Amino acid sequence: MKHIRVLIFMLMLAMLGGPAHAEPFDPPALYLTWQQDPTTTMTVQWHTLDDSRPSELAYRQADDHDAPWQQAIGEHWPFPHTDRFIHAVEIVDLEPNTDYLFRFTDAGPEYRFRTMPADASEPVVFVVGGDLMHRRTWMEIVNEQMAAREPMFAVLGGDLAYEDGHPDKVDRLFDFFEAWKNTAVTPDGRIIPMIPLIGNHEVDGGWQRDRAKAPFFYDLFTMPGWPGYATLDFGDYLSLIILDSGHIIPVDGEQSDWLDQQLAERRERGITHVFPVYHVPAYPSVRHFYDGRSRDVRNHWPPIFDKHDVDIAFENHDHAYKRTHRLRDGQVDPTGTLYVGDGAWGVQLRPVKTGPEEEVWYLDEAHSIHHVIIVTLHEQDRWLEAIDNEGKTFDRYPPEE
Ligand SMILES: [Fe+2]
């Protein structure tokens, strides 16, 4: 009789797909990143409270109900200074511009993502902003406005959770990821992928040139081409050049040489949309023009942007909104680069500077306002729109006629 009971129990387990698959699993942190071309890949990352769960998921095309669920397997590693674990699974060989569902167990829940389009023949919309979470509610409010605009992804321009690389402030990271999971989702349930980069508040001491001083950042996000700066190429229409403005990697030297070479290569390949993005502004809207950190960036990167005719560079860190005039060789010049930022997603705002003239000559627009910047790519041009925490547009480039 006992044997029959065991047999029945085992049969029931088999019908349920085994104990590991019987229970729904909804992780405390769930976010999407990329390591390779976003038109055909997606990296799913999540956290677990211990190491009892495997790094695997099942996925299938969302609109093809006959599509079988496929398994994808990745890896996990300890979340430093906590009991948690960080998981990452990269899914490859996906169709461009296609919705997929994924889940961690047969019991769900199911989540949704969309791969990037293969080209910009239809408008491609994404979001750029920085300086995210002084207060969780400030960030969440802007996240909701961002999500309502249904961007394909969000570039997070440094200073994310303000844990400052301190183990005793790790709760801020738990909060950041929980808030992101709950609010960076479009109205139709699609998770908005993130492309994060490093700012001073990811580093104990801000500018330490010592990776041990940023004990969380590099473990939390799988990114292409670390040591800390990288290019993410989207097909052959968009390249994001992700830079470290001197926090762990010096601005000059190897990183600047690499930037020069990356821009030259993208130009040779005829990539239409190429955007450098980094934390500390070359052209600050709040801080002094001769602030040493800004001057370091300004001395090294804008000359390289000039050389390769970069159209727009995205900056952060000053806790305000700014759009400069077009600048080349340190002067207003209609053939130059537009510098747009300045990082006020969910942080305490700072007053933008108003003068003297030698301090503000480069600023076309500057406002102390919580915002993100919506970027819309077309085949040959690009449009910027800054929206505030009520979703209202307060700046556009080019300006409407
Ligand atoms: Fe900053």
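From a predicted model like this one, the values you see are computed outputs, not experimental measurements. The figures that follow rest on heavy atoms only: side chains count, while hydrogens, waters and symmetry mates do not. When a ligand or atom number is given, it counts from 1 through the structure's own listing order.
- For Phe153 and Phe113, the gap between ring centers reaches or exceeds 6.0 Å.
- Proximity of the aromatic rings of His47 and Phe85 is defined here by a centroid distance below 6.0 angstrom, and this criterion is not met.
- Atom CD of Glu122 has 12 or fewer heavy atoms from other residues, nucleotides or ligands within 6.0 Å.
- Ordered by chain and number, Asp159 OD2, Asn200 OD1, His279 NE2, His317 ND1 make up the set of protein N, O or S atoms under 2.8 Å of the Fe ion (ligand 1).
- Checked against side-chain contact (heavy atoms from CB on, under 4.5 Å), Pro215 has the following partners two or more places apart in sequence or in another chain: His81.
- Using a cut-off of 4.0 Å between Lys/Arg side-chain N and Asp/Glu carboxylate O, Asp188 and Arg114 are scored as salt-bridged.
- Checked against a 6.0 Å centroid threshold, the rings of His201 and Tyr162 count as neighbours.
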